[in-house]
Amino acid sequence: MREVRVRFAPSPTGALHIGGVRTALYNYLLARKHNGTMILRIEDTDQSRYVPGAEEYIIKSLEWAGIQIDEGVGKGGSHAPYRQSERKEIYKQYAQKLVDEGNAYYAFDTEAELELMRERLKAQGDPNQQYSSNSRLQMKNSLTLSEAETQQKLNAGEPHVIRFKVPVNQEIYLTDLIRGEVVVNSSQVDDKVLMKSDGMPTYHLANVVDDYLMKISHVIRGEEWLPSAPLHVLLYQSLGWQNEMPQFAHLPLLLKPDGNGKLSKRDADKMGFPIFPLNWKDPATNELAVGYKEVGYLPEALINFLAFLGWNPGTEKEIFSLQELIDEFTIERIGKAGAKFDIHKAQWYNQHYLRSKNNSELASYLLEDLKKENIFCSQEKAEKIAHCLRERVSFPQELRLQSNFFFFAPTQFDEQVILKKWNADAAKLLLAYSTEIKAAKNLNAELAKIILDNTASQLGLKAGQILQVLRMILTGQGSGPDLMLSIEILGSEETTKRINYALQTITIK
RNA sequence: GGUCCCAUCGUCUAGGGGUUAGGACACCAGAUUUUCAUUCUGGUAACACGGGUUCGAUUCCCGUUGGGACUACCA
């Protein structure tokens, strides 16, 4: 097997889509598995779609996800530059070579003329109105113009493109690692523009040239590229690189959760889940799209989830660290069918990975959030809170959300709960309990429970009678973490204070 | 419209000529929990359809249907 060199090659037209993260991940897994090289190439040949900040965003996103780049933009390497806009001269050379050898030609057609061509072909009943072997001879290009005319136009600086001269009626064979053999007749391929009139190459030329020059061994990309793969094969052949052609693997698409179609930002917004790894503020609209990171997804959870969208190891194991994914990954086990994106599964992974953290790690999430609100909390207390909340959270932020009553005493109580259980006996027990708790030394959950049971039996009552009320009084909530543990964290002073407040506030009916 | 790709529970998927078609998420029920959550146990639920090939097809082949991608001087 030749040295594995793969690339992730996004264009900086906005934030990195979650599907792009998966593509990057699969590339990365293959590279690491074979001690190969992961390259980041920025495909910024469309100046009109360039979005400032997108490149940095892509790099940061990959970094957060744990996908490491060995070579490329922001990293350097022996095949630099890795930004296509900086490789203009290189593409020009190869385009020239194609023209010189008769595999490409200059075309001077205007947009209006192209439109006219399509209409004409349509009227003729041509099923696909393409600029190709059956129309190129009717157009204004170096195939129809004399050499002198062409040269004259070129010298005059007339706007022009370079088009690929696709061979007539030729079967193009392409082996895809995921889909097997694909055959397409060249008559279905149009004379694609290789060099645009602004002097920039199109994706097709730049991609092939760069993959060749950067010695890419495997092209792993989304299925949306499958239709143009035959064109790329033809390009490799015309450039004489058929023996160095990379292997192709076209990944199944990520589909929207309901209905059908490619997963889009719109769908994600509608269903209420992120589509981008990190927060992204659209510089054009100033609109903020919340990222997976900010919503509280752990990178290891997202990665595990993403890896299983279209790939699986064939065993029943579903929890995989990045390293385990690297060890197990094979292209052969990537599926062919598109995968609907189910955020529930991602949540489940997140919950799993969050729980695998120890109390001190969980505490630091809580502490961080508290700090933003200027709420003081000791490390010890935070860890205790983490301990009693750890089975109840799927996202780090929930630690703060669910622990509010530890920091703020409730001022209002749900009447429904109070009314149901409140009576003279309950009040009596509560008062007695409050007194005992106040006197207790080294109060902990166990002791709080013993005191409650003892107090109740001394009064000939049952602890169960007031538990619900006690919870409401102490936390302001009808449900929550273990009450005795909560009392331990609250401490004897705060606990008695809250009980007494309730006794004063709630009037017995 | 044309070209190409795809098709197992609601979802992600395993499997493969003869299986009680397996797992996970979700959902439902029961148990545990003084609550809720967790946890445990159990349950509902799938081979799109029609033809072949075959002793036998969900699996192989063809077709149909359905879905998707592409069809720009965007990637």
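Naming: A, B, ... by sequence-line order, numbering from 1 per chain. Because only heavy atoms are used, hydrogens play no part in the values below, and waters and symmetry mates are left out as well, while side chains stay in.
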_Per A:Ala337 side chain, nearest of listed nucleotides B:A37, B:A7, B:C25_ = B:A7
_Please list, in numerical order, the residues of residues 347-358 of chain A that have a heavy atom closer than 4.0 Å to any atom of RNA chain B._
A:Trp348, A:Arg355
_No-hydrogen, no-angle side-chain donor-acceptor test under 3.5 Å, A:Thr175 and A:Glu181_ = yes
*Which nucleotide in the list B:G10, B:A14, B:U3 gets nearest to the side chain of A:Gln188?*
B:U3
Restricting both atoms to N or O, compile the protein contacts to nucleotides 19-23 of chain B shorter than 3.5 Å, with distance only.
residue : atom : partner  : partner atom : Å
B:G22   : O2'  : A:Glu316 : OE2          : 3.0
B:G23   : O4'  : A:Glu316 : OE2          : 3.1

*Indicate yes or no: does A:Asp191 engage A:Arg163 in a salt bridge with an N to O separation below 4.0 Å.*
no
Taking only N/O atoms, report every protein-nucleotides 71-75 of chain B pair under 3.5 Å with atom names and distance.
residue : atom : partner  : partner atom : Å
B:C73   : OP2  : A:Arg163 : NH2          : 3.4
B:C73   : O2   : A:Ser197 : N            : 2.8
B:C73   : O2   : A:Ser197 : OG           : 2.7
B:C73   : N3   : A:Ser197 : OG           : 3.0
B:C74   : OP2  : A:Lys196 : NZ           : 3.2
B:C74   : O2'  : A:Asp46  : OD2          : 3.0
B:C74   : O2'  : A:Arg49  : NE           : 3.2
B:C74   : O2'  : A:Arg49  : NH2          : 3.2
B:C74   : O2   : A:Arg49  : NH2          : 3.3
B:A75   : OP1  : A:Thr45  : OG1          : 2.9
B:A75   : OP1  : A:Lys196 : NZ           : 2.6
B:A75   : OP2  : A:Tyr203 : N            : 3.3
B:A75   : O3'  : A:Glu43  : OE1          : 3.2
B:A75   : O2'  : A:Ser11  : OG           : 2.6

*Rounded interatomic separation in angstrom, taking CG from A:Leu255 and P from B:G66*: 17 Å
_Listed partners of A:Asp482 passing salt bridge (charged side-chain N to carboxylate O under 4.0 Å, His left out), at least two apart_ = none
*Qualifying residue for side-chain contact (heavy atoms from CB on, under 4.5 Å) with A:Tyr292, from A:Leu306, A:Leu298, A:Leu302*: A:Leu302
*Do nucleotides 29-35 of chain B as a string where each nucleotide becomes B, S or -: B if the base has a protein heavy atom under 4.0 Å, S if just the sugar-phosphate does, - if no protein is that close.*
-----BB
*Taking CG from A:Asp267 and C1' from B:G68, how many angstroms apart are they, rounded to a whole number?*
14 Å
*Using heavy atoms and a sub-4.0 Å distance, could you list which residues of residues 173-180 of chain A are near RNA chain B? By number, please.*
A:Arg179
*Are OP1 or OP2 of B:C70 and a side-chain N or O of A:Lys262 less than 4.0 angstrom apart?*
yes
*B:G1 C1' sits how many Å from A:Gln124 CD, rounded?*
16 Å
